[in-house]
2 protein chains.
Amino acid sequence: MAQSSNVTPLFNDLAKVEHDHNIACQDCALYRLCLPLGLHRNDLAELDEIIQRSQSFPRGHALFNTDTSFHSIFVVRSGSFKTTVQAVDGREHVTGFYFPGEFIGMDAIYAKAYKSTAKSLESSTVCELPFEKLQEFSATMPQLQIQLMSRLSRELSGDKSLMFLLGKKTAEEKLATFLLSISKRFQDRGFSAADFQLTMSRGDIANHLGLAVETISRLFTRFQDDGLIYTKNKAISLRDAERLKQLCG
Amino acid sequence: MAQSSNVTPLFNDLAKVEHDHNIACQDCALYRLCLPLGLHRNDLAELDEIIQRSQSFPRGHALFNTDTSFHSIFVVRSGSFKTTVQAVDGREHVTGFYFPGEFIGMDAIYAKAYKSTAKSLESSTVCELPFEKLQEFSATMPQLQIQLMSRLSRELSGDKSLMFLLGKKTAEEKLATFLLSISKRFQDRGFSAADFQLTMSRGDIANHLGLAVETISRLFTRFQDDGLIYTKNKAISLRDAERLKQLCG
DNA sequence: TGGCCGCATTGACCTAGATCAATAATCGTT
DNA sequence: AACGATTATTGATCTAGGTCAATGCGGCCA
């Protein structure tokens, strides 16, 4: 996964993260994207203590499911995850994809129980944040508390957009929006906004967007024929991000 | 709006709330559903000070829109609201409906800007919670902080279910789910779970569920023909909540 | 108390995207 | 390297729900 030239120095070594499990928050390549941002040095050291760092999961492993008792929220350290909610009849919906620095499990705080399942899409690592401790700490670290609320609020805001997408957008608009969202997130992490690997299957994408796999497949083909993208299996290049943006609606 | 006999004493006077603007949190009929739950008496008194209480809005008035600068989140005191997100092309999606004790505007915390619009569906009142102050206070009131996070998390959890609904459910399942959700919320507020007024238009319901008005209208007719509900304009009675539940999927 | 105007209902028809079915390409395993 | 299993692509057909159009109804204001 060699990086192109426009990568900021900060993220040069992002790929190394998973080989270096015991790195402290302040030295972590994800620092700017992650929870500790804005914490005082002393507070950060304290926080460091409670974080269960860099647990590894092979591809397809469940980080938690609805039977797991709730104690922690998680931050992706490397790799990627998907979360799903399930109905009694077995239907499931992919509610989101999560990349390094993003939080998983915040919707469980209220009920103190996971109502969804999180699965790794590739070999991945997470940092585990014991929630009780986190709450204790926020009592004396206003900045931590602000960060947590901010995270919650950001996901909420994203979910509202997703509701619009699911409720109002056409298949074409859905896929264009999805591709640009992923692109943006790769870019934010110092990777190329144009070329990346889709770690999730076509089925996962289709499910997430409320479409059939066949529709996604056809759209990929059409977008490629129209010169918007180039795909080869899981690899994708955005060839005309501008036109893609116009397709988002 | 006379109440049926199974109403808890606590909520007997819910209808009076809007006539009694300066009632303190601890004496408010919504106390059990609202933010102050679990706060110590002294803390509550302090919180009371910063709350801008019971501002009134006539039907159709915007509580805020995307041009409003963000300073506060709101709790519905009486009446009801809808929130919408808009695309540049004018399409809009109704992201939620809000009843007494429910919070509006939490998705704005992250960006410190409202990305949605909130409109009253009937003559309504809100309590305004200045967010800066709220954050200051939570530094010394762990319970307040927990309440806030809990609220955020609960809405997040609800939005995931809504995503499932929008992405996977049939029109019939969507409407059944919607009706039972509203029913549950009325019940939680001490009103009848079976008979209530839908304060939103058919168009709002359709939009929220990702359907056309005509589809909603046809479903109402069919549900009524099947003895599941009885409707007369905005009034609705759930006649067979059990079967309705089975239709939710 | 009657006359709008916006909302709701109903029917006829249409279409975006689902479903079904048949390959084809990839991946993980031995 | 070969194989079975999973995942992706492509084509043919179908359908849930959308769109269009006409009519009905209720609430509101003069």
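Every chain is numbered from 1 and lettered A, B, ... according to where its sequence line falls, protein lines coming before strand lines.
- Using a cutoff of 4.0 Å between basic side-chain nitrogens and carboxylate oxygens, B/E214 and B/R202 are not scored as salt-bridged.
- Between the P atom of C/dG17 and the CG atom of A/L165 lies a distance of 12 Å, rounded to the nearest Å.
- Using a 3.5 Å distance cut-off with no hydrogens or angles, the side chains of B/Q55 and B/T125 do not pair a donor with an acceptor.
- If you take CG of B/N233 and C1' of C/dT9, they are 12 Å apart, rounded to a whole angstrom.
- The neighbour count for A/R243 CZ, taken as heavy atoms of other residues, nucleotides or ligands under 6.0 Å away, is above 12.
- Using a 4.0 Å heavy-atom cutoff across all strands shown, B/G210 reaches sugar-phosphate atoms only and no base atom.
- Taking atom CG of residue B/L166 and atom P of nucleotide C/dG17, one finds them 15 Å apart after rounding to whole Å.
- We find that A/R189 and A/E102 are joined by a salt bridge, their nearest charged nitrogen and carboxylate oxygen being less than 4.0 Å apart.
- Note on the helix from C/dT1-D/dA30 to C/dT30-D/dA1: angle between the axes of the first and last five pairs equals 60°, rounded to 10 degrees.
- Under the 30°/60° scheme for interplanar angles, the aromatic rings of A/F81 and A/F57 are found to stand perpendicular.
- The main-chain N or O of A/S181 is never found under 3.5 Å from a side-chain atom of A/S183 such that the two would form a donor-acceptor pair.
- Base contact: A/A212 has a heavy atom under 4.0 Å from a base atom.
- Between B/K232 atom NZ and C/dC7 atom P the separation is 18 Å, expressed in whole Å.
- Rounded to an integer number of Å, the gap from B/L175 CG to C/dA8 P is 13 Å.
- Between the side chain of A/D159 and the backbone N or O of B/D159 there is no donor-acceptor pair closer than 3.5 Å.
- Regarding A/E122, its CD atom lies at a distance of 17 Å from the C1' atom of C/dT26, rounded to whole Å.
- DNA chain C lies under 4.0 Å from at least one heavy atom of each of the following residues of residues 213-222 of chain B: B/E214, B/S217, B/R218, B/T221.
- Using a cut-off of 4.0 Å between Lys/Arg side-chain N and Asp/Glu carboxylate O, B/D204 and B/K82 are scored as salt-bridged.
- Comparing B/M200 and A/A171 against DNA chain C, the residue whose closest nucleotide sits nearer the 5' end is B/M200.
- Separating the OG atom in B/S78 from the CG atom in B/L30 is a distance of 8.5 Å, to the nearest 0.5 Å.
- Atom NZ of A/K174 is separated from atom P of C/dG17 by 7 Å (rounded to the nearest Å).
- In the set C/dA8, D/dT19, C/dT26, C/dA8 carries the atom at the smallest distance from any side-chain atom of B/K234.
- The separation between B/L209 atom CG and D/dA16 atom P is 19 Å, rounded to whole Å.
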